[in-house]
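So the structure is just underneath, and the comments pick up after that.
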Amino acid sequence: MSLGSRVALAGGVVVCAALVLASLVIYPLLSANLHRQHDSTLVSAADHDAGQLLDTLMRRTKQALDARQHDPAEVKKRHLTETFPRKPVTVGPTLMQFLPRPAGRGPTSGFIAVSERDMLVAVGKTGPYFQDVEYQGERYRVYTTSLNAGDGILVRTAVRQSVVEPTLDELKVLLVAITAGGSLLAAVAARLAAGRVLRPVRRLTDTVEHVTQTQDLTARIDVPGRDEIARLARSFTAMMAAVDESVKAQRRLVADASHELRTPLTSLTTNLELLDEARGVADPQAPALVREARTQAEELKLLVNDLVDLGRYGHAPVHTEDTRLDLLAERVVARAAARSPRVAFRTELSECLVHADPDALERAVGNLVDNAVKWSPDGGRVLVRVTSCGSVTVTDQGPGIPEADLPYVFDRFYRSPAARSLPGSGLGLAIVRQVAETYGGGVAAEPLEHGHGLRMRISLPALV
């Protein structure tokens, strides 16, 4: 998962958690507040509407009865027991029921059953209360109190809970929608913001990958601003400039040194050749000294050439092409056989195609073959094998390499104690490793099982 996606996910999760927490607080508060409002409505209906309704019914009863023969108390009693039944009356959204002096607990013909607590409320021995009951298949919120404290008349006001539940259900849906939509919107906004904020980071990453793949140290990044990312980009640019300048200085040093050394070496070699051809030399040791000087000059020239090649193969290749590895190895073996008649060569070459600089690759394989020739005894055999998977192995019958020296065989200027008396610069195998790593390959040195001889290997990615 990319950094931008992680930022978007984190933003969405944080907002979702905040909205869920807010919903868990808001919903109970609103639910309790809504129920309190309905409870207040029931209390108000019992305190005011019940008395008004009862007074209205009593006035109607007075008009029907002879006031001279019936006192108000008798009118009220006859109205409640005869004219006004005990079934609940609908007053707006509220049901209202009157129970004059309930005789005992048990079911009634109108609403819910009378309980022991209801009888105590009617006579004023306990206070009013709320309860949730079911009546005719619906849930009701019921408030029970006495009409006048302790007068024995029980008043019930009730409201359907279905009036409250749809509002709470709508609130649930609204909170869920807000949570889901807010989380999604926060994730999208975080992703867009992350894309904009992380754009310099992507540019920096692309530049680093470009430098890693191409070894192009001239890449630069220009990020305006004073934040941490801008500082990182400027530091990276400064570092790349310093590294580029250092590499250029190193290459200039190698090129200048090779140029300055090649000229006197060429002159020295020419003068020695002329001196060797002169026949009037009086000193009988002069020819031997001259030959020794020429040998040393050639070794110095070889060292300079190795240094130049090592510097050249250490950076991005100038020219690469598809190269037949088996044909290249065949040419190298042919040249080595012509100049080293004391060693017998055998080849096992399978067709193999790689993409590399043919000159650099030929130099690397040639170094392996030259190393094998140098360590092979007179009459020894050198086996050069090329496999179709991009591997070249050169096996000799020399004394081999001690196990302690194997990790350092391909290091620059490394020479084992046994090799220090032999000609060489100690850079040949280092060049082999440099060439292999430049083209995505590797090298290895493997002692043979019988303890004599060595197998050198260079491996490159083969083209299918």
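These numbers come from a predicted model, not from an experiment.
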Between Glu348 and Arg385, is there a donor-acceptor pair closer than 3.5 Å when you use the side chain of the first and the backbone of the second? no
Please test Glu116 against Thr126 for side chain to side chain contact (heavy atoms under 4.5 Å, CB included), starting from the C-alpha separation and ending with a verdict. CA-CA 11 Å; Glu116 184 71 26; Thr126 187; over 6 Å; no
Check each of Leu463, Thr387, Ile458, Leu361 against Leu325 using the side-chain contact (heavy atoms from CB on, under 4.5 Å) test, and report the only one that passes. Leu361
Atom pair CG (Asp132) and CZ (Arg141), whose distance is rounded to the nearest 0.5 Å: 4.5 Å
Value for OG1 (Thr145) from CZ (Phe130), rounded to nearest 0.5 Å, stands at 9.5 Å
Let me see the working for Ser391 and Arg457 under side-chain hydrogen bond (donor to acceptor under 3.5 Å, both in side chains), right down to the final yes or no. CA-CA 7 Å; Ser391 175; Arg457 182 189 307 275; 3.2 Å; yes
Main chain of Ala372, side chain of Ser376: is a donor-acceptor contact present, judged purely on distance under 3.5 Å? yes
Counting only N and O atoms by type, is there a donor-acceptor contact under 3.5 Å from the side chain of Asp396 to the main-chain atoms of Leu454? yes
Side chains of Arg117 and Leu120: closer than 4.5 Å at any heavy-atom pair? no
Closest heavy-atom pair and its distance - Val369, Ala336: CG1-CB, 3.6 Å
Any side-chain heavy-atom pair from Glu362 and Arg335 closer than 4.5 angstrom? yes
Without swapping roles, check the side chain of Thr323 against the backbone of Glu321 for a donor-acceptor pair under 3.5 Å. yes
Shortest non-hydrogen contact between Phe410 and Leu429, atoms and distance: CD2-O, 3.3 Å
Partners meeting ring-ring contact (aromatic ring centres under 6.0 Å, His included) with Tyr129 (sequence neighbours left out): none
So, for Ala462 and Cys352, which heavy atoms are closest and what is the spacing to 0.1 Å? CB-SG, 4.1 Å
Is it the case that more than 12 heavy atoms not belonging to Arg324 sit under 6.0 Å from its CZ atom? yes
More than 12 non-hydrogen atoms from neighbouring residues, nucleotides or ligands closer than 6.0 Å to CD on Glu446, yes or no? yes
Please examine the side chains of Asp370 and Arg339, heavy atoms only from C-beta on, and report whether any two atoms are closer than 4.5 Å. yes
Got a second to check how far Met456's CE is from Trp375's CH2, nearest 0.5 Å? 10.0 Å
Within-4.5 Å side-chain heavy-atom neighbours: Leu175 and Leu171: yes
Hey, are the side chains of Lys172 and Asp169 touching, using non-hydrogen atoms and a 4.5 Å cut-off? yes
Within the distance-only criterion (no hydrogens, no angle test), does the side chain of Tyr439 pair as donor or acceptor with the backbone N or O of Pro461 below 3.5 angstrom? no
Less than 4.5 Å apart, any side-chain heavy atom of Val159 and any of Val142? no
Run the side chain to side chain contact (heavy atoms under 4.5 Å, CB included) test on Ile178 and Leu174 for me, step by step, so that the C-alpha distance in whole Å, both residues' side-chain angles and the decisive distance to 0.1 Å come before the verdict. CA-CA 6 Å; Ile178 291 176; Leu174 180 61; 3.8 Å; yes
Identify the two heavy atoms, one from Pro358 and one from Leu328, that lie closest to each other, and give their separation to 0.1 Å. O-CD1, 3.6 Å
Could you measure the distance from the CD1 atom of Ile431 to the OG1 atom of Thr438? Nearest 0.5 Å is fine. 11.5 Å
Heavy-atom closest pair (Ala329 atom, Val386 atom, distance to 0.1 Å) is CB-CG2, 3.7 Å
Tell me, do Cys16 and Thr179 make a side-chain contact under 4.5 Å, heavy atoms counted? yes
Could you measure the distance from the CG atom of Leu383 to the OG1 atom of Thr393? Nearest 0.5 Å is fine. 6.0 Å
Between Pro28 and Ser23, the two heavy atoms sitting closest are CD-O, 4.0 Å
All side-chain contact (heavy atoms from CB on, under 4.5 Å) counterparts of Val333, not counting sequence neighbours: Phe345, Thr347, Val384
Any donor and acceptor pair, going by atom type alone, linking the side chain of Arg342 with main-chain N or O of Val373 inside 3.5 Å? yes
One pair to check against side chain to side chain contact (heavy atoms under 4.5 Å, CB included): Asp326 and Leu353. What are the steps and the verdict? CA-CA 8 Å; Asp326 53 315; Leu353 188 65; over 6 Å; no
What's the spacing between Ser340 OG and Lys374 NZ if we round to 0.5 Å? 12.0 Å
